[in-house]
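Report on the following structure.
Ligands are counted one by one from 1 in listed order, and the atoms in each one are counted from 1 as well. Computed from heavy atoms alone, side chains included, the values below leave out hydrogens, waters and symmetry copies.
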Amino acid sequence: MKLIEVKDYHEMSQVAADYLLSKVKTSDKLTLGLATGGTPQGLYEALINDHNQNRTSYQHVSSFNLDEYIGLSGKHPNSYYHYMNDHLFKHIDIDSENTHIPSGKAVDLQKECEAYDEKIRLHGGIDLQILGIGSNGHIGFNEPGTSFESNTHIVELAESTREANARYFNSIDEVPAQAITMGISSIMKSKEILLLVSGEAKQVAMKKLVEGEISENFPASILNRHEHVTVIADQEALAMVKGLELLNR
Ligand code: PGA
C-alpha cells in the first residue's frame with residue numbers, strides 16, 4: 001500500500017479528486033467503483049466544482065457502486081441510488097445508462113447479486129475503486145467475518161454499522177437490517193483501489209489496517225494483499241499509527 005498523508009478532510013477530498021480526474025482525463029474508457037457514506041462526499045463536491053469550472057467530461061466513464069440497502073427503492077432519500085444522483089451524477093455529464101447500483105428492491109435478490117458481478121466482468125472489470133473503511137474494518141458492507149472469497153452478496157448489517165448510519169435516518173429503527181454489497185473478492189478484482197480515511201473515528205481502524213494481521217475478522221486487512229492500493233489519510237486518522245513507513249511498501 002502507498003500512503004498519501006494529508007492535513008485534513010478537505011485536503012483528502014481534493015487530493016482524491018485530482019487523482020481520479022487524472023484518470024478521467026487520460027482514459028478513452030474508464031470504469032469506476034464508487035462508494036457512499038460521509039467520506040467521499042468532499043471528493044464528489046470537488047469533482048462537481050471541477051466539472052463546473054473546467055467542463056471535464058464523463059461521457060466515457062461507467063460506474064459501479066459498492067452497495068445498496070435492501071428494501072429501499074431508488075426514490076427513498078436514504079437509498080444509495082438517491083445519494084449518488086444527489087451528490088454526483090445529476091451534476092456531471094455521466095450517462096445514467098452507464099451508472100450501476102445494485103437494486104435493493106429486486107424481486108430475486110440472489111439473481112441481482114450474480115448479475116451484478118457479471119455486469120462488472122462484461123465491462124472489463126473496475127479500473128479504479130474508491131473505498132472508505134468502517135470503524136469495524138468493513139469495506140462496502142462486508143462486515144467482520146465475511147469470507148475473503150465472497151462475490152456480490154446479501155448481508156445482515158452489523159449493529160455498529162446501523163448505529164453509524166442512523167445519523168441519516170429519523171431513528172435507528174428505520175435503518176434497514178440488510179444490504180447488497182459487492183463481495184471482498186469482487187472488490188479485490190479491481191485493478192486499482194483508492195482508500196480514503198479521515199477523522200478520529202477511524203483511528204483504530206487505520207491502526208489495525210497498517211499494524212494488524214490479515215484476517216477475515218477485519219475485512220479491510222485484505223487490502224494489504226492487493227498490488228495497487230493508495231491510501232489517502234488525514235493526520236487525525238493516522239494519529240495512532242506508529243510505523244507509517246509500513247504503509248509505503
Ligand atoms: P463513512 O463510512 O464514510 O460514512 O465513515 C465508511 C464506511 O462505512 O465504509
With a 4.5 Å limit on heavy-atom distance, are the side chains of Val231 and Met206 in contact? yes
Steps toward ring-ring contact (aromatic ring centres under 6.0 Å, His included) verdict (Phe64, Tyr116): CA-CA 9 Å; Phe64 286 87; Tyr116 202 67; 5.6 Å; yes
Using 4.0 Å as the upper bound for N to carboxylate O, is an ion pair formed by Arg162 and Glu159? yes
Is there a donor-acceptor contact under 3.5 Å from the side chain of Asp234 to the main chain of Gly199? yes
Ion pair Lys90/Asp86, N-O distance below 4.0 Å: yes
With under 30° as parallel and over 60° as perpendicular, where do the rings of Tyr69 and Phe141 fit, or are they tilted in between? tilted
Could you give the N/O to N/O pairs under 3.5 Å linking ligand 1 and the protein, each with its distance?
{"residue": "ligand 1", "atom": "3 (O)", "partner": "Gly38", "partner atom": "N", "Å": "3.3"}
{"residue": "ligand 1", "atom": "3 (O)", "partner": "Thr39", "partner atom": "N", "Å": "2.8"}
{"residue": "ligand 1", "atom": "3 (O)", "partner": "Thr39", "partner atom": "OG1", "Å": "2.4"}
{"residue": "ligand 1", "atom": "4 (O)", "partner": "Gly38", "partner atom": "N", "Å": "2.8"}
{"residue": "ligand 1", "atom": "4 (O)", "partner": "Arg167", "partner atom": "NH2", "Å": "3.1"}
{"residue": "ligand 1", "atom": "5 (O)", "partner": "Lys202", "partner atom": "NZ", "Å": "2.6"}
{"residue": "ligand 1", "atom": "8 (O)", "partner": "His138", "partner atom": "NE2", "Å": "2.6"}
{"residue": "ligand 1", "atom": "9 (O)", "partner": "His138", "partner atom": "NE2", "Å": "3.4"}

